[in-house]
Amino acid sequence: MEKGATSPSNSFHTYFVDIHEVLQEDKEEEEEEEIIKMEEKVTKKGLQKPIKLRELKRPQRSFSRQVSLETGFSVLDRESKAKDDRRVLRRSGRSFGGFDSANRIGGEARKGDFNIFRTKSTLSKQNSLLPSKKEREMESQRIEGATDLDESVNKSVPAGRYFAALRGPELDQVKDYEDILLPKDELWPFLLRFPIGCFGICLGLSSQAVLWRALSTSSATKFLHITPFINLFLWSLALAVLVSVSITYLLKCIYYFEAVKREYFHPVRVNFFFAPWVVCMFLAIGLPPMLAPAKLHPAIWCAFMGPYFLLELKIYGQWLSGGKRRLCKVANPSSHLSVVGNFVGAILASKVGWIEAAKFLWSVGFAHYLVVFVTLYQRLPTSEALPKELHPVYSMFIAAPSAASIAWGSIYGEFDGCSRTCFFIALFLYISLVVRINFFTGFRFSVAWWSYTFPMTTVSVATIKYAEQVPSVLSKGLALCLSFMSSTMVSVLFVSTLLHAFVWQTLFPNDLAIAITKRRLIKEKKPFKKAYDIKRWTKQVLLKNNPADKEYNGENEAANQRQSAHKQKIEAALA
């Protein structure tokens, strides 16, 4: 047979390849024959040293039917292409959270596709966003990992995820090792870049209207002869800014409701959902005397305090009932905004004549202020999340006690012992923040800087009320000094905001906080060496005691014994 195979007359043959499933027994026989041939070659060469042969087990592709050689290679080619189509999530910022592979049509990726944050309110809108038939066929070829990411994009992000992935005054800057869902190198739509924190501008301007009303009507500052037209100008400006910001954010709610939902689940920005109603109450309190009636109608208080109270029930219920959004997990300095509104509502309730409602709100606000104050002093959840620098939101510590002192004096008609206690607490916190000026530097300008204005203005109004009750050179000088500082701060920030918004156009960068991924993208840290050794030792013990492993090891030993016996027989025959 061997001679016939090598003869020239048999040089041209037609070969048929039969690709069939190889059984396990056939594979073992072939392996044993290979071992015998290798041993015979070794024996002929005269090598007496034992040689260890390692069995390389490679995965076998099996087919259930006969195919031609050409068809078999085409099948293998399709399998290799399918493997190449599996892509890994890139860390370039354009990964789009698994959408990159889905959005590629004809080798090109869509640019500016922000549909995951659009409002999904009606079936027609959803159908308009459905992909075409060709796109659906391509999407069906994606791997399951990308599908899992797609399903979890629009779900609420846990509060702890924001603390782990973000940093900055309002947790709006992505950490270096994190990635986002949207591209970083292109400008997003304006409504997606417009944050809820813009209501902080309205807070600063409306509180200034209250301050200048107090300066023009208070007996402690009567010698200054301040015209009430300053109050009228600031009130009109605050009203115009409130209307423009409210309309813009209402459009965001209409077109990008999924982004609004993400802001609601943000541990810092959720507190700014209280801000519009606090601003409205400030505008009612700071109404210019030439426009204000003799007594405000109680319907004004109901219209502004009603939505605030409903939102308060939701947030305070989360704090109290526990879960992922309990207070010890989400507490941060901006949480004072959800408390301050109770005191501002108490002031407005006393002005409309509802004294008992004012007392109720003051009690609720003061109880929760104590809890928030103690939690923030302990710094249980935010010791790692917030940076070392003292950000503007830390000035919120001053707002709640100063507003509480004004509310108590408005309810009981005098600045008595309780009002003075709250005022002195606010004054001490104010001084403790001012003396640490270095902590207020080191970060870029943003809308968060307006968080300075509202607390500084509130403590200035409280100082004017204290100067009315305790008239002296020191109290009046302190009131003028604090009022000048707060007005200067508001003026500087207002000019800076106009420049950044209309001249440099840098006020609204891409809002990275709403585009973070739900899952962490960093690798877990390796455990300590001691813990790793214990884990490895435990794994070895479990493997030794595993009966399946024992059976497998027994089979291997039996096979080795058969091979050694076979070798001995060969050696004996050759000898």
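We use all heavy atoms of the structure for the numbers below, so side chains are in, but hydrogens, waters and symmetry mates are not.
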Give the C-alpha distance, both sets of side-chain angles, the deciding distance and a yes or no for side-chain contact (heavy atoms from CB on, under 4.5 Å) between Lys359 and Tyr412. CA-CA 10 Å; Lys359 293 178 182 178; Tyr412 293 98; 3.7 Å; yes
Any donor-acceptor pair under 3.5 Å linking the side chain of Ser335 with the backbone of Asn332? yes
Side-chain contact, heavy-atom cut-off 4.5 Å: Leu296 with Leu348? yes
Measure the shortest side-chain to side-chain distance between Asn342 and Glu312 over non-hydrogen atoms and say whether it is less than 4.5 angstrom. yes
For the ring pair Phe304 and Tyr308, is the centre-to-centre distance below 6.0 Å? no
Passes side-chain contact (heavy atoms from CB on, under 4.5 Å), Leu182 versus Asn510? Steps please. CA-CA 9 Å; Leu182 299 181; Asn510 290 340; over 6 Å; no
Test your reading of the model: is there a side-chain donor-acceptor pair from Arg325 to the backbone of Phe265, 3.5 Å cut-off? yes
Please work out which of the three classes, parallel, tilted or perpendicular, describes the rings of Phe360 and Phe309, given edges at 30° and 60°. tilted
Could you tell me which non-hydrogen atom of Trp188 sits nearest to which non-hydrogen atom of Ala515, and how far apart they are? CH2-CB, 3.8 Å
Are any non-hydrogen side-chain atoms of Pro455 and Phe397 less than 4.5 angstrom apart? no
Mind checking what makes salt bridge (charged side-chain N to carboxylate O under 4.0 Å, His left out) contact with Arg269, not counting sequence neighbours? Glu263, Asp511
Restricting to non-hydrogen atoms, name the atom on Leu361 and the atom on Met305 that form the minimum distance, rounded to 0.1 Å. CD2-CE, 3.6 Å
Looking at Thr119 and Phe257, would you say the former's side chain and the latter's main chain have a donor-acceptor pair under 3.5 Å? yes
Students often mix this up, so state it plainly: with edges at 30° and 60°, are the rings of Tyr249 and Phe194 parallel, tilted or perpendicular? tilted
What is the distance from atom CZ of Phe343 to atom CZ of Phe366, rounded to the nearest 0.5 Å? 7.0 Å
Grab the two heavy atoms, one from Gln469 and one from Arg420, that are nearest each other, plus how far apart they are. CG-NH2, 3.3 Å
Contact summary for Gly286 and Trp235, nearest pair of heavy atoms: O-CD1, 3.5 Å
To the nearest 0.5 Å, atom OG of Ser460 lies from atom CG of Leu480 at 10.0 Å
Quick check: are there more than 12 heavy atoms from other residues, nucleotides or ligands sitting under 6.0 Å from CZ of Phe190? yes
So, the side chain of Arg262 versus the backbone of Phe117: is there a donor-acceptor pair under 3.5 Å, distance only? no
Does the side chain of Glu258 reach to within under 4.5 Å of the side chain of Ile116, using non-hydrogen atoms? no
Could you please spell out the steps behind the side-chain contact (heavy atoms from CB on, under 4.5 Å) verdict for Ile398 and Leu433? CA-CA 9 Å; Ile398 311 168; Leu433 292 177; 3.8 Å; yes
I want to check something: taking the side chain as every heavy atom from C-beta on, are Val340 and Thr458 in contact at a cut-off of under 4.5 Å? no
Verify whether the ring centers belonging to Phe373 and Tyr377 lie closer than 6.0 Å. yes
Pairing of Glu178 and Arg167 as salt bridge, 4.0 angstrom limit: no
As an exercise, state the distance from CZ of Arg118 to OH of Tyr255, rounded to the nearest 0.5 Å. 9.5 Å
Is the number of heavy atoms from other residues, nucleotides or ligands under 6.0 Å of Phe428 CZ greater than 12? no
Considering all heavy atoms of both residues, which atom of Thr453 and which atom of Ser207 are nearest to each other, and what is their separation? O-OG, 4.5 Å
Main chain of Leu215, side chain of Thr221: is a donor-acceptor contact present, judged purely on distance under 3.5 Å? yes
Contact check, side chains of Trp408 and Cys422, non-hydrogen atoms, under 4.5 Å: no
Side chain to side chain, Leu251 and Tyr256, heavy atoms closer than 4.5 Å: no
For a quick check under 3.5 Å, do Thr497 and Trp450 share a side-chain donor-acceptor pair by atom type? yes
Checking Ser206 side chain against Ala238 main chain: does a donor-acceptor pair fall under 3.5 Å? no
Does Thr375 reach the main-chain N or O of Cys328 with its side chain, forming a donor-acceptor pair under 3.5 Å? no
Would you call the rings of Tyr369 and His336 parallel, tilted or perpendicular if under 30° counts as parallel and over 60° as perpendicular? tilted
Under a 4.5 Å cut-off applied to non-hydrogen side-chain atoms, are Pro276 and Val245 in contact? no
I'd like to know if the side chain of Ser395 and the backbone of Ser451 have a donor-acceptor N/O pair within less than 3.5 Å. yes
Going by atom types only, do Ser219 and Glu468 share a side-chain donor-acceptor pair under 3.5 Å? no
Can you check whether Ser338's main-chain N or O pairs, donor with acceptor, with His368's side chain at less than 3.5 Å? no
Would you tabulate the side-chain donor-acceptor contacts of residues 501-508 under 3.5 Å, counting partners in other chains and residues two or more places apart, or write 'none'?
{"residue": "Thr506", "atom": "OG1", "partner": "His500", "partner atom": "ND1", "Å": "2.8"}

Nearest non-hydrogen partners of Ser410 and Ser350, listed with the distance: OG-OG, 2.5 Å
Leu166 and His266: side-chain contact (heavy atoms from CB on, under 4.5 Å), yes or no, with the steps? CA-CA 11 Å; Leu166 302 175; His266 193 283; 3.9 Å; yes
Nearest 0.5 Å, what's the CG-CG distance between Leu482 and Leu211? 10.0 Å
Neighbour count >12 (heavy atoms, 6.0 Å) for atom NZ, Lys465: no
Taking atom OH of Tyr264 as the centre, does the number of heavy atoms from other residues, nucleotides or ligands within less than 6.0 Å exceed 12? yes
What's the spacing between Ile300 CD1 and Leu283 CG if we round to 0.5 Å? 11.5 Å
Ring centres under 6.0 Å, that's the criterion: do Phe282 and Phe454 meet it? yes
The reported gap from CG in Leu203 to OG1 in Thr457 (rounded to nearest 0.5 angstrom) is 10.0 Å
Could you work out, with side-chain contact (heavy atoms from CB on, under 4.5 Å) as the rule, every residue matching Ser216, not counting sequence neighbours? Ile226
Check this for me: Trp319, atom CH2, are more than 12 non-hydrogen atoms of other residues, nucleotides or ligands nearer than 6.0 Å? yes
When you measure from the side chain of Ser244 to the backbone of Val241, do you find a donor-acceptor pair of N or O atoms at a distance under 3.5 Å? yes
